[in-house]
Amino acid sequence: MTDKVDFPSSLEMSTKVRISIMRTNEEFSQPEGWIVTAATSLWLPLSFETIFKLFRDVKTRPQWDVLSNGNAVIELGRSLTRTFFGNCITIIQPDVPKEKNMLVLQETNIDSMGAFIIYAPIDLPTVTSIINGEDTTKIPILPSGFIISPDGRLAVDRDSTGNTPNGSILTVAFQILICANNSVSQLQQMEAVANVNVLLSSTVLNSKPSNEARGKM
């Protein structure tokens, strides 16, 4: 953080949030300007496969993805990256009337070590240019997403009743472009940090399955 800017903490979250602000102008793959990055990790009493299915399901996406604005999302296209159905790159369109050109480019992957879901907003003209063969390394994109890992506990570590559930470590990270200017004020930094903290907190809280949902899983 420049100028040692203080940032608010969420009273609803017991986990620590790490936030930084950086300026990038050197990489073609990222937009020019000031970027705020925030990340946190938490433990969930579910297997990483179950959490992966929750985030990959387009039906449950509106409950945690702010880009959908609470509306339904539609999967427009899918390209498999490996033989398993969950390992793929998809293009998703939130049903937001005022943002018809806004799409989401997403990559999902799962194996025995864990899983990740990485996504970024992208507009329709950019997707069209990619389909037409434009050099993708020159298209700026700012991804956010989740990494889901087993918590590492073995069966022998569980209590004698066998009631200890499978657990996973969920890491959530966001990147947001503050502005494209060469300089950013301390007030802009503080506002950006406050906004990304709220975004991160709400995503984490909304991504926790309810007791009813856990029973169904």
Side-chain angles (χ1 to χ4, degrees), residues 1 7-22 30-31 34-75 86 90-96 98-99 102-110 114-122 141-151 167-178 189-214 216-217:
M1 295 292 295
F7 58 87
S9 59
S10 172
L11 298 178
E12 299 175 288
M13 289 176 58
S14 59
T15 56
K16 297 288 186 179
V17 178
R18 295 181 62 88
I19 300 180
S20 66
I21 291 180
M22 61 181 180
Q30 290 190 338
W34 291 83
I35 298 170
V36 58
T37 303
T40 191
S41 295
L42 68 154
W43 180 82
L44 291 177
L46 297 168
S47 67
F48 74 89
E49 295 95 342
T50 298
I51 299 173
F52 177 74
K53 290 178 182 178
L54 173 69
F55 284 116
R56 188 171 58 85
D57 191 347
V58 293
K59 295 179 181 178
T60 58
R61 192 182 189 97
Q63 79 180 44
W64 59 264
D65 186 5
V66 296
L67 294 176
S68 68
N69 198 27
N71 297 309
V73 297
I74 304 170
E75 184 178 300
T90 55
I91 297 176
I92 299 170
Q93 182 178 36
D95 187 14
V96 182
K98 295 182 179 180
E99 298 290 345
M102 196 271 286
L103 304 174
V104 176
L105 180 64
Q106 177 173 281
E107 180 178 2
T108 58
N109 186 85
I110 186 170
F116 67 76
I117 299 173
I118 309 298
Y119 63 95
I122 189 170
I141 192 169
L142 202 57
S144 299
F146 308 88
I147 296 177
I148 315 161
S149 307
D151 62 7
S168 300
I169 303 298
L170 173 66
T171 298
V172 187
F174 282 102
Q175 295 187 98
I176 298 176
L177 180 67
I178 302 176
Q189 291 189 45
M190 294 179 67
E191 290 178 344
V193 166
N195 290 336
V196 76
N197 191 64
V198 171
L199 173 61
L200 188 63
S201 301
S202 62
T203 300
V204 168
L205 293 172
N206 291 332
S207 65
K208 292 182 178 180
S210 63
N211 292 332
E212 180 182 356
R214 290 176 189 174
K216 293 180 180 179
M217 293 175 180

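The figures that follow rest on heavy atoms only: side chains count, while hydrogens, waters and symmetry mates do not.
In this structure the side chain of T40 never reaches within 4.5 angstrom of the side chain of T171, judged on heavy atoms. Between L142 and L177 there is a side-chain heavy-atom pair separated by less than 4.5 Å. Between I176 and I35 there is no side-chain heavy-atom pair separated by less than 4.5 Å. By the 4.5 Å heavy-atom criterion applied to side chains, Q175 and V36 are not counted as neighbours. The closest side-chain heavy-atom distance from F116 to E107 is below 4.5 Å. Between Q106 and R61, some side-chain heavy-atom pair lies under the 4.5 Å cut-off. L67 places a side-chain heavy atom less than 4.5 Å from the side chain of Y119. Residues P94 and N71 form no side-chain contact, since every pair of their non-hydrogen atoms from C-beta on lies 4.5 Å or further apart.
Checked by atom type and distance alone, the side chain of Q93 never pairs as donor or acceptor with a backbone atom of L103 at under 3.5 Å. Remark: side-chain polar atoms of N195 are paired, donor with acceptor, to backbone N or O of E191 under 3.5 angstrom.
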Worksheet item: Which is it for F48 and I110 under the side-chain contact (heavy atoms from CB on, under 4.5 Å) test, yes or no, and what are the steps along the way?
Response: CA-CA 9 Å; F48 74 89; I110 186 170; 3.8 Å; yes
Discussion item. Show, in sequence, the C-alpha distance, side-chain angles and deciding distance for L199 and V66, and conclude whether the side-chain contact (heavy atoms from CB on, under 4.5 Å) test is met.
Written reply: CA-CA 8 Å; L199 173 61; V66 296; 3.3 Å; yes
Item to complete: Please step through side-chain contact (heavy atoms from CB on, under 4.5 Å) for the pair I141 and L105, ending with a clear verdict.
Response: CA-CA 10 Å; I141 192 169; L105 180 64; 3.9 Å; yes
Fill in: Stepwise side-chain contact (heavy atoms from CB on, under 4.5 Å) test for D151 and S168
CA-CA 5 Å; D151 62 7; S168 300; 5.8 Å; no
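Note: S47 OG to I148 CD1 = 9.5 Å, rounded to the nearest 0.5 Å. Rounding to the nearest 0.5 angstrom, the gap separating the CD1 atom in I122 from the CD1 atom in I91 is 7.5 Å. With values rounded to the nearest 0.5 angstrom, L46 atom CG is found 12.0 Å from K53 atom NZ. Taken to the nearest 0.5 Å, the CD1 atom of I169 stands 8.5 Å off from the CG atom of L44.
In terms of heavy-atom proximity, P62 sits nearest to A72 at CG-CA, 4.0 Å. Listed here is the closest heavy atom pair of R56 and I117: N-CD1, 4.0 Å. For the residue pair T60 and L54, the shortest heavy atom distance occurs at OG1-O, 2.5 Å. Here the shortest heavy-atom pairing between F174 and S144 reads CA-OG, 3.3 Å.
Scored by the ring pair (Phe, Tyr, Trp, His ring centres under 6.0 Å) test, F55 finds W64, F146 as partners (sequence neighbours excluded).
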